[in-house]
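Being a predicted model, the structure only gives us computed values, none of them experimental.
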Amino acid sequence: MRILGVYIDGSWLRAAVVEKRGKSFQVKLLKCLSANEFANVKELYMVASPCRVATGVASQHLLIRSLTLALPKSRHLEEAVQFQSDAVSPFRPEEVITVPQILSKEQQKTEILFYTALRQPVGEVLSQMGKIGLDPDSVSGVPNALVQFVQWKDPNVQDAFIIHLGFAEWSVVCMEKGRLKKSYSILGGNEVLLAALWEDRKKILLPKEVEGVAKQIDLLQLKSHLNPHLSQKLNEMKLELAKAIYAFHREGGAKSYVFTGCIGTFGYYVPFLAEGFADQTGPEIRLEDAVEYAVPIGWALEQKSAFSLQLRKEEFFPNRLWKQAGLCAVALFLTSFLLGGALLFWEKKSALRRNERMLEQLSDLLEDPGVKSRIFASSDAHAVLANWIQEASLYAKEYPYMAKAPKVSAVLAWLYSYPYVVIRDFQYELTQFPHIDAEDEPYQAKVEIAFETENPVNGRKFHQALLKAHEWIDLRHDVTWSILENGYRASFILKNREAYAP
C-alpha cells in the first residue's frame, strides 16, 4: 500500500510517497515544489497511484488539551468523553471540530487527548488540495506528523521536545512515552527570517538570492550591527522558542530535544537556537536524513497508526466515501434480497418434500379402503392433510392410561411452601387407577404425612390451610387429623390434574 503525504508550508509544498510492506515503511519518493510548481503534484500522485492521500492543518490551527477522567465504570466513558469534548473547547460547537482520543485506560482513570480545530482552516486546506487536483483521504495536524516521524526514525526516543523549523511557522511538540502530549506554534517561521535578511541586504541582493546567502551565514558569528533586522527577528523567535521549552519542562515535559524541518536554512542554525534552552534539557537527538520532509512523511505514516487523527468529519467527509457507502448499502440490499429469496425458495421446496413424505407415510398407515378414499379424495396435499385432521377428530378419545394424579415432586414442593411445618414422614399411594378390567376407574392418590411444628398454634394454622387447599386436596373426601407424641399426622386425597405421560 502506498500513501502520499502533502504539506503546504507557506509558498512551498513538500510531498512524500511512503510504501508499507509488511510491518515496515519505506520512503519511495520525496518532492519539494515552489508555489508556481504546485500543479506537478498531480503527476506525483499519478506516479504513486493507487494510493491514499494524507494532509493536515498547521499547529497554529490545532488546539490540544489532555484530560484524565476518573470513571469507576467503563460504560459511562462514552458519555463522559462527549460531555468533556463540548466543555473543553472555548469556541462555539458550530465553529470547530473536536476529536477526542483515548491514550490510556486503567482501572480507575482514563487519559484522553482532545483535538480542536476551527472549521475554516480545515476547509482552506481542502480547497488548496482541490486546486492542485487532490482530494485527501485524511486531514490531520502537524504535531501528530512530527511524533509519527520521530518514532519511525528512532523508536527508542520516547520522551523529547520536537522542534520543527517550518517556512510559515515553527512547531514545538512535547512527546511523552512515544505519544503527543502538547504543542505550541511560533508564527512566522523561516519566511520571516529570510524577509528580515533581505531587508538588511536588499540593496545588493535579489529576493531569489536570499536563501542561498542565508546558508552561508554563521549565526554563531552574526554581527547584529550589520544585520539589524535579522538579528532582531532571530532573538525574538529564539526567546519565544526558549519560553515554550521552559513551559513544557516545568509541566513535567520531556528531557531531550530533536530538530526537524528546514534546519539548513542558516549556517549553525540548530546550535544557535539551542543556546536559549539547551541548559534546561538533555542532549540533542540527531536524525540523519529526510528531516525537511518530516511532516508529509509523518502524515503518511499516521494512516496506519492506532492513534491517528481524522478531521474530515461532518461537512468535510469525502464525497467519494459517501458514494462508496451508498454503493455498499445498495450491494448489501441486493445481497439480502437475493439471500432472502433463496431462503424462501428453499423453504417452500423443503415444505413440499415434507408434505410428500407425510402423505406417503399416511397412505401406508391407512388400512381401511373407505377411510383412505375419503382422505385422498383430492390431489392437493393441503386438502389431504385437512381431510386427515378432520377424520382423526371423529375418533378423538382420551387415552385412559394417561396419569392424572399430581406428581410427587409437585406435592412435595407445595407442602414445603409452608415454612412453619417440618415434615418427618411422607407417603404417597395410588389407591385407584385404571387397568385392563376397569378402564374407567379414575386415578386417586392418597398422601399421608407426619410433621412437627414449633407450637400448637402453627399446627392448627396448617390444619386450617389443608381444609382450604381446594386446588390440591379433593375436599369431597375427609382430611384426617391426629395428634402424635412429637407432632401431628394428616392424610388426604389429592385432586387430579390434566392428563400427562408419566
**Message:** Could you walk me through whether L311 and V99 satisfy the side chain to side chain contact (heavy atoms under 4.5 Å, CB included) test, starting with their C-alpha distance in whole Å, then the side-chain angles of each, then the deciding distance to 0.1 Å, before giving a yes or no?
**Reply:** CA-CA 7 Å; L311 296 176; V99 180; 4.0 Å; yes
**Message:** If you apply the rule side chain to side chain contact (heavy atoms under 4.5 Å, CB included), what do you find for T265 with E211, and how did you get there?
**Reply:** CA-CA 7 Å; T265 302; E211 291 190 30; over 6 Å; no
**Prompt:** So K202 and E199, salt bridge (Lys or Arg N to Asp or Glu O under 4.0 Å) or not? Walk me through it.
**Reply:** CA-CA 5 Å; K202 60 183 177 181; E199 187 67 26; 3.1 Å; yes
**Prompt:** Given I132 and L13, is the side chain to side chain contact (heavy atoms under 4.5 Å, CB included) satisfied, shown in steps?
**Reply:** CA-CA 11 Å; I132 58 179; L13 183 147; 3.8 Å; yes
**Item:** From CA spacing to verdict: salt bridge (Lys or Arg N to Asp or Glu O under 4.0 Å), R286, E284
**Value:** CA-CA 6 Å; R286 296 187 180 182; E284 177 189 0; 3.5 Å; yes
**Item:** Verdict with supporting geometry, H164 and V295, side chain to side chain contact (heavy atoms under 4.5 Å, CB included)
**Value:** CA-CA 9 Å; H164 182 75; V295 174; 3.6 Å; yes
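N144 places no side-chain N or O within 3.5 Å of a backbone atom of S140 that could act as its donor or acceptor partner. Proximity of a side-chain donor or acceptor of Q310 to a complementary backbone N or O of V139 within less than 3.5 Å is detected. At least one donor-acceptor pair closer than 3.5 Å links the side chain of K20 to the backbone N or O of G22. Here the side chain of Q303 pairs no donor or acceptor atom with the backbone of A300 at under 3.5 angstrom. Using modelled atom types, one side-chain atom of D159 and one backbone atom of K177 make a donor-acceptor pair closer than 3.5 Å. The main-chain N or O of I97 is never found under 3.5 Å from a side-chain atom of K313 such that the two would form a donor-acceptor pair. Between the Q280 side chain and the I245 main chain, no donor and acceptor come within less than 3.5 Å of each other. Of the possible donor and acceptor atoms, one in the side chain of R312 sits under 3.5 Å from a partner among the backbone N and O of F316. Using a distance-only test at 3.5 Å, with no hydrogens or angles considered, no donor-acceptor pair links the side chain of W346 to the main chain of G341. In terms of modelled atom types and a separation under 3.5 Å, the side chain of S24 and the main chain of R21 share a donor-acceptor contact.
Ring to ring, F277 and Y257 are close: their centroids are under 6.0 angstrom apart. Between W152 and F25, the ring centre distance reaches or exceeds 6.0 Å.
Within 6.0 Å of NZ in K233 there are 12 or fewer heavy atoms belonging to other residues, nucleotides or ligands. For CD of Q120, the number of neighbouring non-hydrogen atoms (other residues, nucleotides, ligands) closer than 6.0 Å is 12 at most. Around OH of Y246, the count of heavy atoms belonging to other residues, nucleotides or ligands within 6.0 Å does not exceed 12. With a 6.0 Å radius and a threshold of 12 heavy atoms from other residues, nucleotides or ligands, Y420 has its OH atom above the threshold. Around atom CD of E347, more than 12 heavy atoms belonging to other residues, nucleotides or ligands sit under 6.0 Å away.
Inter-residue side-chain proximity for L220 and E275 is flagged as met; some heavy-atom pair is nearer than 4.5 Å. When side chains are defined from C-beta on, S336 does not count as touching F333, because their heavy atoms never get closer than 4.5 Å. Under the 4.5 Å side-chain criterion, counting only non-hydrogen atoms from C-beta, V27 is in contact with I297. At least one side-chain heavy atom of E302 sits less than 4.5 Å from a side-chain heavy atom of W299. Using a 4.5 Å heavy-atom threshold, the side chains of M1 and I3 count as touching. Contact annotation: the side chain of W170 approaches that of N190 to within less than 4.5 Å [non-hydrogen atoms, C-beta and beyond]. Contact annotation: the side chain of D9 approaches that of R14 to within less than 4.5 Å [non-hydrogen atoms, C-beta and beyond]. With a 4.5 Å cut-off on side-chain heavy atoms, L146 and V150 do not count as touching.
Side-chain contact annotation: S185 with S59, donor-acceptor N/O pair under 3.5 Å absent. Between Q128 and E124, the side chains place no donor N or O within less than 3.5 Å of an acceptor N or O (distance only, hydrogens not considered). Using modelled atom types and a 3.5 Å distance limit, the side chains of Y184 and E240 yield a donor-acceptor pair. Side-chain atoms of S305 and Q148 include a donor-acceptor pair closer than 3.5 Å. In this model, no donor atom of one side chain and acceptor atom of the other lie less than 3.5 Å apart for D218 and Y269.
Note on ring orientation: taking the six-membered ring where Trp is involved, the planes of F248 and F161 are parallel (angle under 30°, cut-offs 30° and 60°).
With values rounded to the nearest 0.5 angstrom, K223 atom NZ is found 11.0 Å from S231 atom OG. In this structure, OG in S224 is found 11.0 Å from CD in Q232, a value given to the nearest 0.5 Å. Residue F259 holds its CZ atom at 5.0 Å from CG of L273, rounded to the nearest 0.5 Å. Of the inter-residue distances, the one linking L180 atom CG with I64 atom CD1 reads 4.5 Å to the nearest 0.5 angstrom.
Between R497 and P406 the shortest heavy-atom distance is CG-CG, 4.0 Å. Counting all heavy atoms, side chain and backbone alike, M175 lies closest to V157 at CE-O, 3.6 Å. Residues G178 and V147 come closest through the heavy atom pair O-CG1, 3.7 Å. Between V408 and F426 the shortest heavy-atom distance is CG1-CE2, 3.8 Å. Closest non-hydrogen pair, V6 versus P296, comes out as N-CB, 4.3 Å. Heavy-atom minimum distance, A58 versus V142: CA-CG2, 3.8 Å.
Between R119 and E315 a salt bridge is recorded (basic side-chain N to carboxylate O distance below 4.0 Å).
Shown are V192, L234, L230; of these, the side-chain contact (heavy atoms from CB on, under 4.5 Å) with L197 is made only by L230.
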